[in-house]
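Let me begin by presenting the structure, written as structure tokens, before commenting on it.
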2 protein chains.
Amino acid sequence: MGPDNEINEFLPLREVVFLTLRKAILKGELQPGERLMEIALAGRLGVSRTPVREAIRMLEHEGLVVMKPRRGAQVAKITEQELNDVLEVRKSLEILAAYKACERMTEEDMKAMREAGAEFRKLAVNPRCDLTALTEADVAFHDTIYRGTQNRRLNQILANLREQMYRFRFEYLKDASIRESLVSEHEEIMRAVAARDGELAAGLIGEHIDNQQKVIHASIASMEGEN
Amino acid sequence: MGPDNEINEFLPLREVVFLTLRKAILKGELQPGERLMEIALAGRLGVSRTPVREAIRMLEHEGLVVMKPRRGAQVAKITEQELNDVLEVRKSLEILAAYKACERMTEEDMKAMREAGAEFRKLAVNPRCDLTALTEADVAFHDTIYRGTQNRRLNQILANLREQMYRFRFEYLKDASIRESLVSEHEEIMRAVAARDGELAAGLIGEHIDNQQKVIHASIASMEGEN
DNA sequence: AACAAGTCTTTTGTATACAGAATATTATAT
DNA sequence: ATATAATATTCTGTATACAAAAGACTTGTT
């Protein structure tokens, strides 16, 4: 529908559809519980049902949609329980990543981390900043640490877990005071990683996640009951 | 081809194909690097290309096959690096699972664990035992602990990570002396969990994984160079 | 007016058809 | 005989067609 559906690379259509639908789900344009009807989606996106179906298969495996036996796909509803489950796993793996990053990051990795951190700060201090750009900068910052672990699988799993909570990121970053504390948390983490102090970095990252959990908790409580 | 392709439940064909192909890959019937040609597979399984393609999409997302840009799918080759990556993540999550299981397991969970442990021992002590049944018993044992965490996501990720190494499980369990030490490790773990001693259980599970890693390492070294 | 049965529509699940790209093959020239 | 170019084949990517099942709607009966 929108003009940004025409992703002008040469990707298989299933990938294009997959990315488009995923973004729509994560941004909340497709709401939890909403049915994904193949013909309608195919029509909107200007493709046939085949790539739509394959994209749905991928989204299903990623946990963003669930299949009802003979009723097709619908956007997965995230319960608070599931969110806690995700965060529990994520905390553990973020801590692992912190340790391993401290062990294995190269100097270039360090440089990339500092640059990403600076970029995030630059955006975050602006009281009227673009939230989309800010979430992307946050993701980019954490990605530099993930990459520093030199563990592709860990990278992939963490990226996926983070994605599960994307819908809440916007809420999360709206608050300017939260943004400020985020910036200082990032700086602390960077110092610890730069000093290759795994113990400290792991502890800081753990707190970082705990803080996120608190905010998300509150955010969920405030939007109770929309089914 | 084989007579067990006709899985007689009412599942979508894509699921049947998915399960069939996955089993074939994990058992090594489809070897790493082997191409998965849609028409050939569809013919063999007596279905059309559509469910085969959707199954491949699922396998791709599970990491068991990789897509070459315009050359279709092939069974993923597991490099030693990737295996180490998987084990690093897995160890961290197994330890998390041990802690949480100690906190959260109900008495029924404990009972299920003890029964699964006993079943595994029964099979393992038989010097001429069925390896397939044994791997299944091992999986069942660890599953009781995963389930005890009450964390579905953790469960799912651990099950997936374990699957990545399935091809090596058979090698692993062939050796009778290894089976013996496995039994005693399981018993130790059970005692720790039953006592809800998270610290101890986590340590033991960590060693359990380390031991696995050593054996798999050796197993890979011995089959060096089959591309 | 309410409930039940039957029909109709919608939608999924599956099969097949068609086009374009990549590789293998063959023929030709040096 | 070898290398290169042209041709043929194979396979993927995509679209469309068809059948069966689920759900919605209508109509008839009590």
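Letters A, B, ... are given to chains in the order of the sequence lines, protein chains preceding strands, and every chain is numbered from 1.
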In whole Å, what is the span from the CG atom of A/Leu13 to the C1' atom of C/dA19?
14 Å
note: B/Leu41, atom CG; C/dA15, atom P; distance rounded to Å ~ 14 Å
Closest to the 5' end of DNA chain C, once A/Thr50 and A/Ala73 are matched to their nearest nucleotides, is A/Ala73
Around atom CZ of B/Arg104, are there more than 12 heavy atoms from other residues, nucleotides or ligands closer than 6.0 Å?
yes
A/Ile39 atom CD1 is separated from C/dT10 atom P, nearest whole Å, by 10 Å
In whole angstroms, the gap separating C1' of C/dG13 from CD of A/Glu60 amounts to 14 Å
Short side-chain N/O contact to D/dG13 OP1/OP2 from A/Arg14, under 4.0 Å:
yes
Regarding A/Gln150 and B/Asp85, do their side chains bring together a donor and an acceptor under 3.5 Å, going by distance alone?
no
Could you tell me whether B/Leu36 contacts a base, only the sugar-phosphate backbone, or nothing, with contacts defined as non-hydrogen atoms closer than 4.0 Å?
sugar-phosphate
Write down the distance between CG (B/Leu11) and C1' (D/dA21), rounded to a whole number of angstrom.
16 Å
Reckon B/Arg53 has a side-chain N or O less than 4.0 Å from the OP1 or OP2 of D/dG13?
yes
Side-chain contact check for B/Met37: nearest option of C/dA22, C/dT16, D/dT12 is D/dT12
Side-chain contact check for B/Arg49: nearest option of C/dG13, D/dC11, C/dA17 is C/dA17
